[in-house]
Amino acid sequence: MHYLESPTRNLFFTGKGGVGKTSMACATAVRLADRGRRVLLVSTDPASNLDEVLGVTLSNKPTSVPAVDNLSAMNIDPEQAAAEYRERMVGPYRGVLPEAAVQSMEEQFSGSCTVEIAAFDEFARLLGDENATKDFEHIVFDTAPTGHTLRLLTLPSAWSGFMDDNTSGTSCLGPLAGLQKQQAIYHSTVESLGDSSRTTLVLVTRPEASTLREADRTSDELRELGVENQALVINGTFEAQDKSDPIANAMDQRCKEALMAMPNGLAQLQRTVVPLAPHGLIGIDALRLLGRTEPNGEMARNEIAGEERVSILEALPASALIDQLASQQHGVIMTMGKGGVGKTTIAAAVAVALAERGLKVHLSTTDPAAHVSATLAAEELSGLTISRIDPAEVTEAYRQEVLRTAGDGLDEQGRALLEEDLRSPCTEEIAVFRAFADAVAEGEDGFVVLDTAPTGHTILLLDSALAYHREVSRQTNEVPESVRELLPRLRDSDFTRVLVVTLPESTPVHEAQRLQQDLRRAEIEPFAWVVNQSLSPLVVKDRILVGRQQNEEPYLREVFTQHAKQAVIIPWQLDPPIGIEGLRELTADKASC
């Protein structure tokens, strides 16, 4: 880990979902703590799995990790942070103002912005207020997948600028007076992010063309934000040890080709290369072994006791799943799951299969970091249209709509106040929510296949539906039919089919389990699970791949016996599933056999 040769106080780990950010952040924190440094490990991901990786129950306060001296960890829980933030803002007025006024304040702080600003407030405090972390020498941030991390990192400047320029003294968060004392911390946060002596941004990627391209785009965007001190980790590199294994050879070749084509910007960064491990990275012992070698030169690994393999005959054939989905003739199909499990690929494969049955299909994404057009390789198919909910585009369209409707008839001062309100950083969240509701509504006239953002942000979107509903109403004076009908449509099992996508590994399966529980609390019942990129249906000989295949067995058993009503197994593909033909292979009968 070259970035630990002279480590800065703050280390951020970011990258595309599923590249191993949490593993690298945890391994880094453990390594620093083992050197005797006092370390705080923080997750800003709403779908954090730090608890499982470290083997300790965490909260939104620093908790000591018993197995590692000098190491504490915490999760920034957006909902809990929002509740505490709301009480900090409203509490001082209880018993001072009339009850009706206090209730009005509580209502205002239940809006869509409060969850975001509260989570951001915690993040800014840890980064911008050294008194809050004075007991620690290093702060290691395990962040949400790229698109949402970039959103988080832009908020210090966005909120500081909004408060500097605001003339009305109010916002979607109520009176700004309560925020003014935070402004110094927000400015300090901006300075800290851009200070190379204090902050290092570690881009984690895998040796895959798409993840390397995204890492390169992220690197450029971070520089635009003033974050210049960057390092690169290429996680999961693979070199075939058994040349008679075609799967191993294909993985080896794909890895080499991706690294050869690495964008020039990334190639200039200080680089750490971590080989693919034959086992899961759960527990402190596994984290300490990450990337290390044994005296004989072989990668250190844990031996996994063999058990009777799960019969893949229990899996539903992929083509049968498509038949079930197609039988409705219209509606919404949503792929959900942890970042990096292949939601975009599965969504595109389902869309292609439905279109090839002669059905009208629109494929779209709510994930800021997803690129469905790249998955289709810009190929066209009759009956299939694709789009992306672009935050900048939908935000500008939403602003113009509100000014055209709610702003109609306002005097000059009233219109100026409305325009100021719409410059709030929260407006983007509301606009994306509106676009999501509009996309779901399109399912009345055909199929809409939605590739959603990673788990935590999707759940926040659903949990916040009523709050967004109120916020849209506040700004526009009316609630569109698509927003009004969103939750009923999502809860209608004849209209919305949710596919929970996972990998046959500990963290993706357990996050998918939590996702399913959250969906059921929202009265949304998952339709099927899709276990993607599995080695279990394949014949492998390479030692690393045999170890990973053995590691899949308990998680496949867990999916089939405890979680899924029905599930499809998609094997790892020799050829990348890109373009119409590659996507077609995923839903062919042989994909599940």
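What you see is a predicted model, and the numbers here were worked out from it, not measured in a lab.
A donor-acceptor pair shorter than 3.5 Å can be found between the side chains of Glu5 and His2.
Between Thr199 and the choices Asn229, Thr8, Asn10, the side chain to side chain donor-acceptor pair (under 3.5 Å) rule is met once, by Asn10. The side chain to side chain donor-acceptor pair (under 3.5 Å) test with His563 singles out one residue from Gln516, Glu558, Gln517, and that residue is Glu558.
Nearest heavy atoms, Ala231 versus Tyr3: CB-CB, 4.1 Å. The nearest pair of heavy atoms linking Ala347 to Val449 is O-CG1, 3.5 Å. The two residues Leu538 and Pro571 come nearest to each other via the heavy atoms CD2-CB, 4.0 Å. The two atoms that bring Ala431 and Thr395 nearest to each other are CB-CA, 3.5 Å, heavy atoms only. The minimum heavy-atom distance linking Leu503 with Val531 is given by the pair C-CG1, 4.3 Å. In terms of heavy-atom proximity, Asn249 sits nearest to Lys243 at ND2-O, 2.8 Å.
With a 4.5 Å cut-off on side-chain heavy atoms, Thr205 and Leu203 do not count as touching. By the 4.5 Å heavy-atom criterion applied to side chains, Arg548 and Val540 are not counted as neighbours. Side-chain contact between Leu11 and Leu32 is present, with heavy atoms from C-beta onward closer than 4.5 Å. Between Leu54 and Leu41, the closest side-chain pair of non-hydrogen atoms falls below 4.5 Å. Contact annotation: the side chain of Asn235 never approaches that of Val19 to less than 4.5 Å [non-hydrogen atoms, C-beta and beyond]. Put simply, the side chain of Leu201 does not reach to within 4.5 Å of the side chain of Thr218, judged on heavy atoms. Side-chain contact between Pro7 and Thr200 is absent, with no heavy-atom pair separated by less than 4.5 Å. Side chains of Glu552 and Glu505 form no contact here, defined as non-hydrogen atoms less than 4.5 Å apart.
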Let's go through Thr502 and Tyr555 carefully: what are the C-alpha distance in whole Å and the side-chain angles of both, what is the deciding distance for side chain to side chain donor-acceptor pair (under 3.5 Å) to 0.1 Å, and is it a yes or a no?
CA-CA 10 Å; Thr502 188; Tyr555 305 113; over 6 Å; no
Show the numbers, then the answer: is there a side-chain contact (heavy atoms from CB on, under 4.5 Å) between Ser23 and Val53?
CA-CA 8 Å; Ser23 298; Val53 174; 5.7 Å; no
Apply the test side-chain contact (heavy atoms from CB on, under 4.5 Å) to residues Thr507 and Thr22: give CA-CA distance (whole Å), side-chain angles for both, the deciding distance (0.1 Å), then the verdict.
CA-CA 10 Å; Thr507 297; Thr22 298; over 6 Å; no
Please test Val440 against Val448 for side-chain contact (heavy atoms from CB on, under 4.5 Å), starting from the C-alpha separation and ending with a verdict.
CA-CA 7 Å; Val440 169; Val448 175; over 6 Å; no
With side-chain contact (heavy atoms from CB on, under 4.5 Å) as the criterion, how do Arg35 and Leu4 come out once you've worked through the C-alpha distance, each side chain's angles and the decisive distance to 0.1 Å?
CA-CA 11 Å; Arg35 292 181 187 174; Leu4 289 186; 3.6 Å; yes
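Rounded to the nearest 0.5 angstrom, Phe238 CZ and Leu545 CG are separated by 4.0 Å. Phe436 contributes atom CZ, which lies 4.0 Å from atom CE of Met334 (distance to the nearest 0.5 angstrom). Here the CD atom belonging to Glu214 is positioned 11.0 Å from the CG atom belonging to Leu266, to the nearest 0.5 angstrom. Rounded to the nearest 0.5 angstrom, Ile234 CD1 and Leu212 CG are separated by 6.0 Å. Atom CG of Leu321 is separated from atom CZ of Phe527 by 6.5 Å, given to the nearest 0.5 angstrom. The structure places OG of Ser210 at 7.0 Å from CD1 of Ile578, a figure rounded to the nearest 0.5 Å.
By the 6.0 Å contact criterion, CG on Asp575 is open, its count of non-hydrogen atoms from other residues, nucleotides or ligands being 12 or less.
Remark: Glu257 does not engage Arg254 in a salt bridge, criterion side-chain N to carboxylate O under 4.0 Å. Classification of Glu239 and Lys256 as a salt-bridged pair fails, no side-chain N sitting under 4.0 Å from a carboxylate O.
Taking the side-chain contact (heavy atoms from CB on, under 4.5 Å) definition, one finds that Ser244 meets it with Asp242, Lys541, sequence neighbours left out.
A donor-acceptor pair under 3.5 Å is formed between the side chain of Gln230 and the backbone N or O of Ser219.
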